[in-house]
Amino acid sequence: MYYGKDGYWKKVQEYLPEDNRLTGVWRPDEYFVGIGRFGIHIDHYRVKEPKARVILFHGVGGNGRLLSLIAVPLMKQGYEVICPDLPLYGMTEYYGKVVYQDWVDCAAEIVMYYQAREIRPTFLFGLSAGGILAYQTASGLPEIQGVIATCLLDQREPLVRKSVVSSGWMAEHGLRLISKASAWLGFIKVPVKRVGNMKAIVNHEELAEVLMRDRRSSGAKVPVAFLHTLLNPHIHPEPERFSRCPVLLVHPENDRWTDASLSRIFYDRLNCSKDMKLLKGAGHFPIEKEGLMHLEQYCVEFLEECLAQRLVSNCQ
């Protein structure tokens, strides 16, 4: 299946500034990449003679098509952009039980798939839970030039767990039930909006309702085993030992779901070249014009600086 007949992403476009919308020539090619038991749907934003390749990862309330809000500006700036739908979301096809490690494995395979076809400076961008996924992916691949993330949420931290769930009851009892049920009932699917605080995914009540009705994004159902493994990730190396590439944290200033202080827990431990910027006026899923303008600015500045340093290093 493709996004042509899907109405939800088109509705989301109405809430974005014009410069961030899919219009005219600023559209991706769609196709599928086979990775194991997954048919990964790809939105591929192509440009002539790209400066670099940027692979974007969504979080547990999104899909690759929703990342057009930053993919379009990066495309206009001359970057090739790849937006996969991770298993359980978007148009990606799969069979069998899906756990979070499948996301980690698929992310690495996606990078290697494109590098095998054409070697190009490659950067990773992660929105929400996609931020820590980008970190995990970069940890195992030497060719990654830099990581950009709107959040760096270490779900192993109790404070992070309690902050991301939908209610006090879920924090007190639900997470424990998920852990116990995972071994025997891991295949059972539950609405992610019953576990996570999806109402806070965007600072616009009407759009939040649209997203939560979309079964390919915030309205998706996910296996209990996926939730359990998402909340108990294997992160290696620990941030104190990470020096693979630079990291830019571009955290939304008015994030009502995951406050910037939660990302700072992991960010402050990073032992690499790093920088943190706040997206003024932006919510968790940033649709605000000022915040998106800053997001584009900070991303492009980071990409250009990393490419410049790479060029100097190659000349030495």
Side-chain angles (χ1 to χ4, degrees), residues 3 6-28 43 45 47 51 54-59 61-83 123-131 134 147-152 197-214 217-218 248-263 275-305:
Y3 279 104
D6 181 83
Y8 283 104
W9 73 266
K10 296 176 183 178
K11 185 68 176 177
V12 173
Q13 294 286 306
E14 299 174 11
Y15 297 88
L16 298 176
E18 289 189 13
D19 289 342
N20 300 82
R21 296 180 185 177
L22 291 170
T23 57
V25 298
W26 310 112
R27 288 178 174 270
D43 272 353
Y45 297 79
V47 297
K51 300 175 183 178
V54 187
I55 300 178
L56 312 186
F57 298 127
H58 62 79
N63 56 49
R65 178 53 59 95
L66 296 182
L67 294 180
S68 62
L69 58 81
I70 184 59
V72 169
L74 290 178
M75 181 187 191
K76 292 178 180 179
Q77 292 281 355
Y79 293 92
E80 175 193 31
V81 185
I82 310 293
C83 298
F123 297 83
L124 304 180
F125 175 103
L127 184 79
S128 188
V147 169
I148 306 171
T150 65
C151 300
L152 286 170
N197 185 18
M198 290 297 160
K199 292 182 180 180
I201 194 170
V202 62
N203 294 353
H204 193 294
E205 186 175 345
E206 184 178 284
L207 178 54
E209 291 297 326
V210 171
L211 292 170
M212 287 191 291
R213 289 196 301 269
D214 181 8
S217 62
S218 298
L248 172 65
L249 176 61
V250 280
H251 204 290
E253 180 186 46
N254 294 339
D255 191 333
R256 299 174 185 173
W257 190 4
T258 58
D259 186 79
S261 61
L262 299 178
S263 288
D275 192 14
M276 178 177 177
K277 303 285 189 181
L278 291 178
L279 304 180
K280 190 173 181 180
H284 186 83
F285 178 65
I287 62 169
E288 298 80 6
K289 184 174 183 178
E290 184 176 15
L292 287 175
M293 288 176 60
H294 285 147
L295 178 59
E296 177 183 354
Q297 174 191 340
Y298 298 147
C299 286
V300 171
E301 288 175 352
F302 176 77
L303 295 170
E304 291 181 349
E305 181 179 352

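Since the model is a prediction, treat every value here as computed from it, not as a measurement.
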Do [X] and [Y] make a side-chain contact, defined as non-hydrogen atoms from C-beta onward lying under 4.5 Å apart?
{"X": "F125", "Y": "C299", "result": "yes"}
{"X": "L74", "Y": "F123", "result": "no"}
{"X": "L279", "Y": "E253", "result": "no"}
{"X": "V54", "Y": "I148", "result": "no"}
{"X": "Y3", "Y": "N63", "result": "yes"}
{"X": "F285", "Y": "L69", "result": "yes"}
{"X": "K199", "Y": "W257", "result": "no"}
{"X": "C83", "Y": "H58", "result": "no"}

Nearest heavy atoms of [X] and [Y], plus distance in Å:
{"X": "P28", "Y": "R65", "result": "CG-NH2, 3.9 Å"}
{"X": "P252", "Y": "A282", "result": "CB-O, 3.4 Å"}
{"X": "L127", "Y": "P286", "result": "CD1-CD, 4.0 Å"}
{"X": "E288", "Y": "G283", "result": "OE1-N, 3.2 Å"}

Around [X], counting heavy atoms of other residues, nucleotides and ligands shown, do more than 12 lie under 6.0 Å from its [atom1]?
{"X": "K280", "atom1": "NZ", "answer": "no"}
{"X": "K76", "atom1": "NZ", "answer": "yes"}
{"X": "M276", "atom1": "CE", "answer": "yes"}
{"X": "E14", "atom1": "CD", "answer": "yes"}

Test your reading of the model: is there a side-chain donor-acceptor pair from [X] to the backbone of [Y], 3.5 Å cut-off?
{"X": "K277", "Y": "H294", "value": "no"}
{"X": "K51", "Y": "Q77", "value": "yes"}
{"X": "R21", "Y": "L16", "value": "yes"}
{"X": "S218", "Y": "G61", "value": "yes"}

| said: Checking side-chain contact (heavy atoms from CB on, under 4.5 Å) between H284 and each of I201, N203, N254, which is the one that passes? | reply: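 So the option named by the test is I201.
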How far does [atom1] of [X] sit from [atom2] of [Y], to the nearest 0.5 angstrom?
{"X": "K11", "Y": "E209", "atom1": "NZ", "atom2": "CD", "result": "13.0 Å"}
{"X": "I82", "Y": "F57", "atom1": "CD1", "atom2": "CZ", "result": "10.5 Å"}
{"X": "L249", "Y": "T150", "atom1": "CG", "atom2": "OG1", "result": "8.0 Å"}
{"X": "L66", "Y": "L211", "atom1": "CG", "atom2": "CG", "result": "6.5 Å"}
{"X": "D19", "Y": "K289", "atom1": "CG", "atom2": "NZ", "result": "7.0 Å"}
{"X": "I70", "Y": "L292", "atom1": "CD1", "atom2": "CG", "result": "7.5 Å"}

| message | I'd like to know whether L22 forms a side chain to side chain contact (heavy atoms under 4.5 Å, CB included) with V72, so could you lay out the CA-CA distance, the side-chain angles of the two residues, the decisive distance to 0.1 Å, and finally the verdict. | response | CA-CA 7 Å; L22 291 170; V72 169; 3.5 Å; yes
| field | Test side chain to side chain contact (heavy atoms under 4.5 Å, CB included) applied to D43 and S68, step by step | value | CA-CA 9 Å; D43 272 353; S68 62; over 6 Å; no
| said: The test is side chain to side chain contact (heavy atoms under 4.5 Å, CB included); show your working for D275 and F302 and say whether it passes. | reply: CA-CA 9 Å; D275 192 14; F302 176 77; over 6 Å; no
| When you look at T23 and Q13, which way does the side-chain hydrogen bond (donor to acceptor under 3.5 Å, both in side chains) test go after all the steps? | CA-CA 10 Å; T23 57; Q13 294 286 306; over 6 Å; no
| said: Is there a side chain to side chain contact (heavy atoms under 4.5 Å, CB included) between D255 and C151? Walk through the geometry before answering. | reply: CA-CA 10 Å; D255 191 333; C151 300; 4.1 Å; yes
| request: Would you please classify the geometry between the H204 ring and the Y15 ring as parallel, tilted or perpendicular, with 30° and 60° separating the classes? | output: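 Ring orientation of Y15 relative to H204: perpendicular.
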